[in-house]
Amino acid sequence: MKTAPRWMTIVLVLAGAYNLAWGTLVVCWPAWTFRLGGLEQEGHAASPRLWVHLWQCIGMIVGVYGVGYLIAARDPLRHWPIVLVGLLGKLFGPVGAMEGVWRGELPATMLWTNLTNDLIWWAPFALVLYRAYRAALERGGEAPPGR
């Protein structure tokens, strides 16, 4: 069985640590991201508890993804489905954010979160998936769906 290159483990450990840290900060101190993103200055509802609670739920989800990335880091070629789910979230998150900006429901200043939470991980996650796919083909007949 082929082992994953060390960079994959490093990327997934970094992604896991980042997601756990960001998720923890958002759950414990949700207002800091509202302030940093300009939501309070724009008159958006950063103070009503519902929005704070929803943002904390997003932080919890991001943190849980971090746990998944740490699990995947142990064997990226075997745990490629975790990376796939993570990449899908990192693709769809910015799409939803851009829609919010386009509709005028979210200030463009909030898009900074997509840079660090999503965009920087696209290439490494895609490469992990590509290598996992190639490794499956080399094993013969055990390729992930899409072959």
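This one's a predicted model, so the numbers in the text were calculated from it and none came from an experiment.
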Would you list the atom pairs, donor with acceptor, under 3.5 Å between side chains in residues 88-103 and any protein atom, with sequence neighbours excluded?
residue, atom, partner, partner atom, Å
Lys90, NZ, Asn117, O, 2.6
Glu99, OE2, Arg103, NE, 2.9
Glu99, OE2, Arg103, NH2, 3.0

> Are the side chain of Trp121 and the backbone N or O of Thr116 linked by a donor-acceptor pair below 3.5 Å?
Replying inline: yes
>> Run the side-chain contact (heavy atoms from CB on, under 4.5 Å) test against Val62 and tell me which residues pass, sequence neighbours left out.
In response: Asn19, Trp22, Ile58
> How would you list, by chain and number, every residue that makes a side-chain contact (heavy atoms from CB on, under 4.5 Å) with Ile82, sequence neighbours excluded?
Replying inline: Tyr69, Ile71, Ala72, His79
> What closest approach, in Å, do Val26 and Gly59 show between heavy atoms, and which atom pair accounts for it?
Replying inline: CG1-CA, 3.8 Å
> Can you check whether Ile61 reaches Tyr65 side chain to side chain, under 4.5 Å on heavy atoms?
Replying inline: yes
> Measuring from Asp75:CG to Trp80:CH2, what's the distance to the nearest 0.5 Å?
Replying inline: 13.0 Å
>> For a quick test of reading the model, state the closest non-hydrogen atom pair linking Leu87 to Leu129 and the distance between them.
In response: CD2-CD1, 3.6 Å
> Within a strict 4.5 Å, meaning less than it, do heavy atoms of the Leu20 and Val67 side chains meet?
Replying inline: yes
> Which residues pass the side-chain contact (heavy atoms from CB on, under 4.5 Å) test with Trp29, sequence neighbours left out?
Replying inline: Leu25, Trp32
> Got a second to check how far Arg134's CZ is from Leu77's CG, nearest 0.5 Å?
Replying inline: 12.5 Å
>> For a 4.5 angstrom cut-off between non-hydrogen side-chain atoms, does Phe125 reach Leu12?
In response: yes
>> Can you list everything that forms a side-chain contact (heavy atoms from CB on, under 4.5 Å) with Arg74? Sequence neighbours excluded, please.
In response: none
> According to a 4.5 Å side-chain heavy-atom criterion applied to Ile, Leu, Val, Met, Phe, Trp and Tyr, with indirect links allowed, do Trp7 and Tyr130 form part of one hydrophobic cluster?
Replying inline: no
>> Which residues pass the side chain to side chain donor-acceptor pair (under 3.5 Å) test with Thr24, not counting sequence neighbours?
In response: none
> Got a second to check how far Met110's CE is from Trp112's CH2, nearest 0.5 Å?
Replying inline: 7.0 Å
>> For the OG1 atom of Thr113 and the CG atom of Leu106, what is their distance to the nearest 0.5 Å?
In response: 8.0 Å
